[in-house]
Every structure is written in structure tokens, then in C-alpha cells.
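One structure below.
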Amino acid sequence: MLLQQIINGLTLGATYALIALGYTMVYGIIQLINFAHGDIYMIGAFIGVAAVALFHQNFFLTLATAMLACVVLGVTIERVAYRPLRRAPRLNLLITTIGVSIFLETFMTVLKGPQPTGFPTVLENVTLRVGTLEFSSIQLVILLVSVALMVGLQFIVKYTKIGKAMRAASEDYDTASLMGININRVISFTFAIGSALAAAGGVLVGIYFNSVSPYMGVTAGLKAFVAAVLGGIGNIPGAMLGGLLLGLAEVFGVAAGFSTYKDAIAFTLLIVILLVRPTGLLGRPIQRKV
Amino acid sequence: MEQWLSSVIDPYYQQVLMLVGIYIIAALGLNLITGLCGQLTFGHAAFLSIGAYTAAILTRDFHLPFILSLVLGGLMAALFGILLGIPVLRLTGDYLGIATLGFGEIVRVAFTNMKITGGAIGLAAIPRASNLINVTFFVILAVAAVVLLENSRFGRALKAIREDEIAAEAMGINAMWYKIQAFGIGCFLAGISGGFYAHLLQYLNPNDFGFLKSFEILNFVVLGGLGSIPGTIVGTTVLTLAPEFLRFVQEYRMMIYGLLLVLMMIFRPHGLLGGVNFRRLLRRRKQKATALSS
């Protein structure tokens, strides 16, 4: 029973982690809370729905299409809406992300209507049994895909040239640009990766809960953001840890009888962690300087 | 009096004007916290809802007079603001914003699950007690109060904290104490605004006070010009009226609103009236007058 809940929690947590990574990478480099990120996740899910019909129920092609389309979307948004404001006061940039978020949500509502729609079957749902343990094949796919994507991300960040540039930019933005790193390219790339992961999350969650709606990105985005803060915003392993922790906390909270307060669990955890460790579990402490 | 008013102004315009006034009260509170004191908060709607529910329950179930329940609602919001502020105001910058955002969501979920607030169905049949006269009266009162506060020792301390907290503390300003006071006053104004809101729409639903509402109020303040009281008033008016004027585009309304937000931030990065305050406005008028007379 306990193991069962852990599996459920990890599945939920893996999807939070996928979205949280986008928040944390962008924050790490330009200190921006990108509130439109949850809506990229939503758009990814909708593109997934469209792609299923196009590719005759091929799961991997569906996933790849959604990811690719969201890469284009994410990079375009950054180029058009965020880049002109890079030297503006930070609060303005924040409000711009909210403007983009409202725009995307209404756009999808106009296009598809506000009601949730189901996700066409793309994966066969088989219940697997290992001893007393029961889990669906969809859960297994979610876990496997998420782990594969996160390993891939770690590889990019640790061992490629652009990954090194990303790390340098998150260490010190101005110095990195003085060292000849093309900062605009790094930022575009960060948005590209973040959007791709969010789109993957969107497709996986759409399949898991069999529901896609224009407002699905609001709560999921906020919670993923909480996950990023829990782990220490700006810290990539932190986002993964935060996502998994949050998923576990929610599943166990519901199991303990707080189901009506499910959405408050994440935020209570957030405030408690912020008070005990103001920069999250794996975050570096802020230094106060004059 | 009210009958006379509705013969002069169309009831629909009255409703819109009252909404503008109500949001001005809330935005002035947020301007005090974020604009003047520099403390980022993303949970202002939570205090609006605390004030709204308190005032609504007091008039609806306990038949208290409107103005009294309004003030009690404001005090309740201030109390929660101070209780939240004491632990949370130690955080700085984005982290404070995030924590208040979390609090806002907790309040929303709590109201959805409480019995006395009507839960997810909402609280209906609230008597209609807001009218253009008492709203206008409170707006004037609130503007006067924040203008006086801004130009007092208290306001200068807040500005010092905004510019540099460590330097302010070195000057002997108890930053924590001032921040909590600013937070309390800001939340009080939000609570008052919420009370009017409840007695205008006569129906409350927890989902009306989500984080988007908090950001809406933040937009008012930033669009007008952070820290500027005339700016806050102009920003609130423009952004509250914009969706009303955009009604002709129907379902594209919010899309255009979002687009407008992005464009305004790109082309007016310091807000419509960034850095303008009443004193400077008066001085400019005086200069113009002397230039004309000479």
C-alpha cells in the first residue's frame, strides 16, 4: 500500500518536475519568473491531441511534435515579448509574462472552447501487477519518459558546449557575455529546452488524466513553480527533487484525508520551506551586501 | 440621493465607476507595500477576499451596519496581513512574492472548504449597500491618507527601506517594524475594498480571488507607475475600463487585454505616470502659472 502510493506520487511528481525545470532554468539565467510557462505546457497538450490524429496514434511522434512545436512557440515568445524588456525593471517583465499567459489561455479558449476535452487513446492502458503492487502501463511510460528527458537534460547541461555556456550565464550573466558567450543564443536555447520539457509534461499529463483544457496550465504551472522553489529556484537537480517531493506530498496528503485541501498542500509546504530555508532545499543562500 | 444619481448617471456606468473606485482603494494599498516600501507581494487578492467575506457575513448574518462591518473587514484583513507579515517579511525580493502567492492560494482553498463562507458555491444574497457616494467618499479618504502617509516620517522611512534596506537600518530605521506596518495598512485598504466589492456584486466566490486577481491589482500599480499615487489612480482607471471598452470584440477581449499588457510594458517601461506625485503635479502647475504671468 505504501509502495503503491509512492509510485503514484512519483508519477505525479515526475510531471511536476518536467514543468519545474523550465521555470528553474529561465530563473537561473535571467531571474525571471515566467508565468506563461504553464500555458506552454497547456499548448503542448493541445498540440499532442492534434498530433495523435495526424500520426495514427504513434506515441513518440506525438510527443516529438508537441515538443518541437512548443520549442518554436517558447523561443518566439521570448524573442517578441521578453527580449525588448531585458533591461527594463524586473516587475515589468513579470507582468509581461502574465500578459502572455492571459493571451495564450484566451487564444485556446476561443479556438477550442473552455470545456475540457479527452485525450484520444494513444497508449494502451494495461494494468501491470508485481506482487501486490498495481500500476498502469501509462504510469510506467510517464516515469520512463520523464527520467529519459531528465537524463538527457543533465547530459546537455553537463557535457555540451551550449550547456557549459548556460551554466556560465547562470553563474554571472554579465561576465559570461564579456567572455564571448552569445547570451541571446543561450537564453533562446534555455527557453527552447524548457518549453520542450513542458510540452512533454503536457502530453503525458493529458494522457494520464485523459483531459485537456485551456486552463489546465494555471494550477499545474503554479504547482510546478512551487516545486522549483522547493528545490531551490535556479538549481536543476533542485527542480527534479522539488517536483518529486511535491508529488509525494500531495498523494500522501490525499491519502491522509486532506483531499479537499489538496491544492493547499503544495503552498503550505512552500511557505514552511521558505521560512526554514529561504532559498529552497538545494539553493545557495543569498548574501546581503551593501 | 441615490435616485437622483441614477437619473443623472446610467446604472451601468455607475457600476463601472464604483468598480474603478473599489479597485483604486485596493491598488493604493498595494502601492504602499510594493511601490513605496519595495516589498513584492503577489497575494493582495487574498486580503481583498478576507475583507469581503468578513464584511459580507457581518451584514448578512449578523445584521451589522454596513460601514461598521466594512471597517471590521478591513481590520480582519490587516490582522491577517500582520500575522502573515511577521514571519514572511523576513524574506526578500521574489521569495517574498512567492510566499505571499502561496498564502493567497491557501486562503482561496480555505474559503472553498469553509461552511460559513458558502464553500465552492459561494456566498449569495449579500445586501447591496455600496453606492457611488460612499465609494467615492472612501476613495477620497484613502487617497488623502496615503498622500499624507507618503509625505510623513513614516513614508520617508518606507522609501529608505525600498532604496536600500541595510543603509536604512544603519540610519536607525527599524526596517522590520516599518515593513509590517506598511503591510498591515496595505491589507487594511484591501479589506475595505473587498467589503465594498462584496456589497456591490452581492455575490462572492473564492475563485474570483485567485492569484490572477492579485496580479490584476499589481498590473494597475505597475502600469500607472510604481510608487506614484496619481499613477496608481490612472492605471487602475485605464485597466478597469479597458475590458469594458473592449466588449465589442467579445471573446477576443481578454486576448487583446493580454496583448495590451505586453505592449504597454514594452513601450512604457516606467508606467503611464512613473515618478509623478501630487506634489510635483502642483509644482508644475505653479511654474506654468508664474511663467504665464511674467
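Side chains are part of it too, since the values below use all heavy atoms of this structure and drop only hydrogens, waters and symmetry mates. Chain naming here is simple, since letters A, B, ... match the order of the sequence lines and numbering starts at 1 in each. If you're wondering where the values come from, they're calculated on a predicted model, not measured in any experiment.
Here the CG atom belonging to B:Leu212 is positioned 6.5 Å from the CD atom belonging to A:Glu105, to the nearest 0.5 angstrom. The CD1 atom of A:Ile102 sits 5.0 Å away from atom CE of B:Met254, with the distance rounded to the nearest 0.5 Å. We find the CG-CE distance between A:Leu94 and B:Met265 to be 10.0 Å, quoted to the nearest 0.5 Å. Between the CE atom of B:Met255 and the CE atom of A:Met108 there is a distance of 11.0 Å, given to the nearest 0.5 Å. For the atom pair CG (A:Leu91) and CG (B:Leu218), the distance works out to 5.0 Å, reported to the nearest 0.5 Å. Rounding to the nearest 0.5 Å gives a distance of 10.5 Å between CD1 of B:Ile266 and OH of A:Tyr82.
Within 6.0 Å of CZ in A:Phe107 there are 12 or fewer heavy atoms belonging to other residues, nucleotides or ligands. In the displayed structure, B:Met171 atom CE is contacted under 6.0 Å by at most 12 heavy atoms of other residues, nucleotides or ligands. Remark: A:Arg83 CZ is packed, more than 12 non-hydrogen atoms of other residues, nucleotides or ligands lying under 6.0 Å away. Within 6.0 Å of atom CG in A:Leu111, more than 12 heavy atoms from other residues, nucleotides or ligands are found, so the atom counts as buried in its surroundings. Applying the 6.0 Å contact sphere to OH of B:Tyr252 captures no more than 12 heavy atoms from other residues, nucleotides or ligands. The number of heavy-atom neighbours closer than 6.0 Å to CZ of A:Arg185, taken from other residues, nucleotides and ligands shown, is 12 or below. Remark: A:Gln5 CD is packed, more than 12 non-hydrogen atoms of other residues, nucleotides or ligands lying under 6.0 Å away. Heavy-atom neighbours of B:Met76 CE from other residues, nucleotides or ligands within 6.0 Å: at or below the threshold of 12.
Close approach to chain B, defined as a heavy atom under 4.5 Å from one of its heavy atoms, is seen in A:Phe267, A:Thr268, A:Leu270, A:Ile271, A:Leu274, A:Leu275, A:Pro278 of residues 267-278 of chain A, taken by number.
In terms of non-hydrogen atom pairs under 4.5 Å with chain A, the most contact-rich of B:Leu259, B:Leu261, B:Ile98 is B:Ile98. Top candidate by heavy-atom pairs under 4.5 Å with chain B, chosen from A:Ile233, A:Thr109, A:Val226, A:Thr279, is A:Thr279. If you tally non-hydrogen atom pairs under 4.5 Å between each of A:Ile98, A:Thr96, A:Leu222 and chain B, the highest count goes to A:Leu222. Heavy-atom pairs under 4.5 Å with chain A peak, among B:Leu91, B:Val109, B:Asn113, B:Leu260, at B:Asn113.
B:Thr100 does not touch chain A: none of its heavy atoms, backbone or side chain, sits under 4.5 Å away. Looking at B:Phe267, there are no atoms closer than 4.5 Å to chain A (heavy atoms on both sides), in backbone or side chain. For a residue to count as touching a neighbouring chain, one of its non-hydrogen atoms must lie under 4.5 Å from one of that chain's; by this rule A:Val100 touches chain B with backbone and side chain alike. Contact of A:Phe35 with chain B is made through the side chain alone, with heavy-atom distances under 4.5 Å.
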| Stepwise side-chain contact (heavy atoms from CB on, under 4.5 Å) check, B:Ile106 with A:Tyr261 | CA-CA 9 Å; B:Ile106 292 171; A:Tyr261 280 91; over 6 Å; no
| task | Show your reasoning for whether side-chain contact (heavy atoms from CB on, under 4.5 Å) applies to B:Asp94 and A:Arg90. | result | CA-CA 10 Å; B:Asp94 289 340; A:Arg90 287 186 40 222; 2.5 Å; yes
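Taking the six-membered ring for Trp and the full ring otherwise, B:Tyr257 and A:Phe103 have centroids separated by 6.0 Å or more.
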